[in-house]
Chemist: 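Okay, handing you the structure first.
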Amino acid sequence: MRGESVDLPVEIPGSAPLSTRLQALLQHPAGTQEEAQTARGWVDLAYEAAYGERYAAATEAAERGLRAPGSQDPENRLMLLRILSGVHEMRGESNLSAPFMQDRIELLRALGRTRQADVEAQLGPMLLREPDRVEAEILRRMAEELDDGSGPSVERADVLSSLAVRSLHDEGPEAALPLVSEACEILQTLNRAQALAGARMFLAHAQLLCEDAEAALQTAEKVLAAPANRAVRGAMAMLRATVHYQAERPAEAAANAITAVELYAACGVRKGAASAAALLAGITSGTDQDETAVLAWRVAVQQAELGEFAESRMLSLALGQQLLEMDHHAEAEKVLDALSLRLAGGDSDHSTRGRALMGLGHAVTQQKRPLEAMAHWDEAASQFIAAQEVDEAARAHLAAGALAASLDRVETARTHYEQGLKLADQGEDTDPLMLLQALHSLGHLLCRHEDEAGLQYLDRAMEIVAEHGTDWQRADITDTRARSLTALGHGTQAVAAALEAADGFSEAGDEEAAADAEIFAATVLLQMNQPQEAEAMFRMAADEREISDALLVTSLEGRVEALRDVAQYDAAEEVGAELELLRARLANEEDLQPPE
């Protein structure tokens with residue numbers, strides 16, 4: 001039932017650019033409602049519909065095939081009857097399956113294929129669906145009985161194929177591989193091209209699961225070089241795309257992935273088309289073809305929605321995230337807002353809605369609507385809690401807190417930070433780095449607004465850094481402590497902490513941060529009426545470290561003020577002239593920058 005149709009196309013032209021082909025899929029997603037002219041054509045349509053889990057369409061196509069020209073050909077009739085019995089059996093409709101199965105057995109007997117008829121009569125539904133463990137033992141014994149030295153037989157290949165399905169499930173691909181390999185050898189010997197295409201498709205996937213990518217590619221080539229319908233060809237194109245992608249051959253992977261999308265979409269295998277399009281999106285995104293990646297994600301969403309698969313939610317989320325990465329914030333907002341609204345009020349998939357809301361918050365933040373972002377992140381936290389994803393809920397509150405703090409909404413920020421800290425502090429299940437972020441954020445906020453309780457949170461953050469963090473993180477918290485002590489009026493302690501942070505940043509290899517800490521210490525000294533010490537430190541930060549022009553400007557500004565405070569007006573004028581030259585150069589460079 002997998003042979004080449006005489007009246008249906010099995011290939012789609014593929015010479016156009018990826019973006020053009022994806023646009024064509026978006027404009028014509030469902031293909032045309034095809035009509036076959038012969039029984040053989042209806043076999044292919046029925047198989048493709050069954051492969052795409054469109055069971056009603058599969059049964060209709062097979063029944064029409066039984067009435068079409070060529071339906072009296074025994075091989076066509078046997079395949080159509082197998083499809084009808086198989087589809088009903090897969091749907092749990094054994095009572096509807098049985099008459100077609102019986103018709104097939106009677107036809108086999110009339111053709112003189114008595115042993116095959118006896119085997120199918122004895123095994124019945126076991127050959128039409130995945131057998132259970134007890135049935136697998138029956139199949140194993142039957143395979144041994146059929147290996148009687150009388151030569152290869154279709155019935156033994158059939159039994160081995162069914163047994164391989166169960167072996168794959170229970171024991172893994174290594175156990176299934178010899179069974180399906182032998183089935184392929186039998187069918188090739190008997191010149192059963194239709195059944196061989198399906199068996200080889202199974203073999204190629206088993207080889208890939210056994211991590212024998214080269215063998216899988218070779219098997220796929222054999223399938224594609226022989227007659228096969230679009231569903232089988234789509235599966236092999238998808239396999240080839242996967243192998244090339246894993247081997248870091250993106251051009252070959254993309255070419256096969258788009259072919260798989262087109263073939264699957266044309267014959268209504270929606271889940272396959274969505275998976276292939278998602279793979280293509282990943283490939284093109286990884287090779288900086290962002291616009292093409294967006295189109296591929298849109299096709300993936302479209303195909304999943306046509307198939308009414310729940311996966312469309314995750315694919316919509318991926319599309320939204322891709323748009324965010326490209327800074328297409330308005331488009332991302334539309335996609336993520338629609339996804340969030342679709343999931344609102346449901347009792348499931350809180351996790352996906354939470355992620356959609358997080359992305360939505362980022363999208364509206366970039367469009368200068370921070371209050372909406374905070375509301376989205378607050379709701380995201382609730383969704384993550386409903387999904388029992390406590391860490392994600394903590395991250396949502398910390399993000400909302402940071403945004404509120406940037407807007408000087410101190411109480412709102414404090415509330416979010418405290419909620420984030422409570423969620424992050426989960427005892428044995430605590431993620432230490434998230435707890436560190438929560439303590440650091442809350443401590444800094446409180447100290448910045450003259451609440452000494454913040455120092456306790458920073459002290460605890462330092463304890464966590466000592467056990468779980470890096471040298472840079474230790475320096476960063478020490479730097480925050482220095483700035484917090486300044487806000488609390490403890491200037492001398494602040495200078496000491498800033499210099500300790502500078503040493504830490506320097507040891508961690510971050511000269512810019514080290515200089516920034518030293519310049520901060522110098523600024524505090526200047527505020528404490530110690531201009532001579534301040535000027536020396538401003539100069540040291542600029543002279544002894546490789547720093548950015550922005551920090552150099554700050555350093556020179558501080559030196560000018562400090563030198564004036566100690567009445568060294570000539571030196572201050574000299575440094576001031578250096579500062580003006582630097583400012584002029586930076587302004588000129590900014591003017592030369594091309595507009596975005």
Chemist: For E573, I'd like to know if atom CD has over 12 heavy atoms of other residues, nucleotides or ligands within 6.0 Å.
Modeler: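 Count not over threshold, so no.
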Chemist: Does A235 offer a backbone N or O that forms a donor-acceptor pair with the side chain of Y264 under 3.5 Å?
Modeler: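 Looks like yes, one N/O pair under 3.5 Å.
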Chemist: Do L485 and V524 come close enough that some side-chain heavy atom pair is under 4.5 Å?
Modeler: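 No; the side chains remain at least 4.5 Å from each other.
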Chemist: How close do I519 and A541 get, heavy atom to heavy atom, and via which atoms?
Modeler: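 Result for this residue pair: CG1-CB, 3.8 Å.
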Chemist: Please work out whether the ring planes of H397 and H416 are parallel, tilted or perpendicular, with thresholds of 30° and 60°.
Modeler: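 Ring orientation, 0 to 90° scale: tilted.
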Chemist: Yes or no on salt bridge (charged side-chain N to carboxylate O under 4.0 Å, His left out) for R270 and E311, after CA distance, side-chain angles and deciding distance?
Modeler: CA-CA 11 Å; R270 302 297 171 205; E311 288 86 351; over 6 Å; no
Chemist: May I ask you to decide if H440's main-chain N or O and Y417's side chain share a donor-acceptor pair within less than 3.5 Å?
Modeler: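 It does not hold such a pair.
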Chemist: Indicate the atoms forming the closest heavy-atom contact of T486 with A494, along with that distance.
Modeler: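 Closest pair (atom of T486, atom of A494, distance): OG1-CB, 3.2 Å.
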Chemist: Are any non-hydrogen side-chain atoms of L526 and F538 less than 4.5 angstrom apart?
Modeler: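 Answer yes - side chains close enough.
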Chemist: Can you find a pair of side-chain heavy atoms, one from F384 and one from M358, that are under 4.5 Å apart?
Modeler: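 Yes; the side chains approach each other to less than 4.5 Å.
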Chemist: Could you check whether any side-chain N or O of S275 sits under 3.5 Å from a backbone N or O of G272, counting only pairs where one atom can act as donor and the other as acceptor?
Modeler: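 No, the answer is negative, given that no donor and acceptor are paired below the 3.5 Å cut-off.
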Chemist: Would you say R460 and L435 make side-chain contact, with heavy atoms under 4.5 Å?
Modeler: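 In contact.
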Chemist: For the pair D378 (side chain) and M374 (backbone), establish whether a donor and an acceptor sit closer than 3.5 Å, ignoring hydrogens and angles.
Modeler: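 Not a single qualifying donor-acceptor pair exists.
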Chemist: Rounded to the nearest 0.5 Å, what separation is found between the CZ atom of R481 and the NE2 atom of H444?
Modeler: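 R481 CZ to H444 NE2: 13.0 Å, rounded to 0.5 Å.
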Chemist: What is the minimum heavy-atom distance between A475 and A501, and which atoms define it?
Modeler: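 Heavy-atom minimum between the residues: O-CB, 3.6 Å.
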Chemist: To the nearest 0.5 Å, what is the distance between NE2 on H328 and NZ on K334?
Modeler: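 Spacing of NE2 (H328) from NZ (K334) equals 12.5 Å.
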Chemist: Whether the S555 and R559 side chains hold a donor-acceptor pair (N or O, under 3.5 Å, no angle test) is what I'd like checked.
Modeler: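 Absent: no donor and acceptor within the cut-off.
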Chemist: Are any side-chain N or O atoms of T365 and backbone N or O atoms of G361, one a donor and one an acceptor, separated by less than 3.5 Å?
Modeler: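 Yes; at least one donor-acceptor contact below 3.5 Å.
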Chemist: What do you reckon, is CD of Q532 surrounded by more than 12 foreign heavy atoms closer than 6.0 Å?
Modeler: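 No, the 6.0 Å shell around CD holds no more than 12 heavy atoms from other groups.
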Chemist: Give a yes or no answer on whether the side chain of R21 reaches the backbone of I258 with a donor-acceptor pair at less than 3.5 Å.
Modeler: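 The answer is no, because no donor-acceptor pair under 3.5 Å joins these two groups.
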Chemist: Supply the atom-to-atom distance L25 CG to Q23 CD, rounded to the nearest 0.5 angstrom.
Modeler: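 Answer for the CG-CD pair, L25 versus Q23, is 10.0 Å.
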Chemist: Would the distance check show the side chain of E518 and the main-chain N or O of M537 forming a donor-acceptor pair, the cut-off being under 3.5 Å?
Modeler: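 A pair under 3.5 Å: no.
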Chemist: Less than 4.5 Å apart, any side-chain heavy atom of L488 and any of L455?
Modeler: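 Heavy-atom side-chain distance check passes, below 4.5 Å.
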Chemist: Are the side chains of R313 and R342 in contact, using a 4.5 Å heavy-atom criterion?
Modeler: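 SC-SC contact between R342 and R313 confirmed.
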Chemist: For residues R448 and V410, determine if any side-chain heavy atom of one lies less than 4.5 Å from a side-chain heavy atom of the other.
Modeler: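 No, every pair of side-chain atoms sits at 4.5 Å or beyond.
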Chemist: Is the closest side-chain donor-acceptor distance between E325 and Q321 under 3.5 Å?
Modeler: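 Distance-only check fails for E325 and Q321.
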Chemist: Does any part of the side chain of E452, heavy atoms only, come nearer than 4.5 Å to the side chain of C447, both counted from C-beta?
Modeler: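 SC-SC contact between C447 and E452 ruled out.
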Chemist: Of all heavy-atom pairs between H376 and L360, which one has the smallest distance, and what is that distance?
Modeler: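 Taking H376 first and L360 second, the nearest heavy atoms are CE1-CD2, 3.5 Å.
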Chemist: Picking from T284, V294, L280, what satisfies side-chain contact (heavy atoms from CB on, under 4.5 Å) with Q289?
Modeler: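 So, applying the side-chain contact (heavy atoms from CB on, under 4.5 Å) to Q289 and each of T284, V294, L280, only T284 qualifies.
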Chemist: So for atom CD, which belongs to E580, do other residues, nucleotides or ligands contribute more than 12 heavy atoms lying within a distance under 6.0 Å?
Modeler: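 Count over threshold, so yes.
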Chemist: Answer yes or no: are there more than 12 heavy-atom neighbours, outside R539 itself, under 6.0 Å from its atom CZ?
Modeler: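 Yes - once you tally the heavy atoms of other residues, nucleotides and ligands closer than 6.0 Å, there are more than 12.
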Chemist: Is the backbone N or O of E308 less than 3.5 Å from a side-chain atom of S312, with the two atoms forming a donor-acceptor pair by type?
Modeler: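 Answer holds: no.
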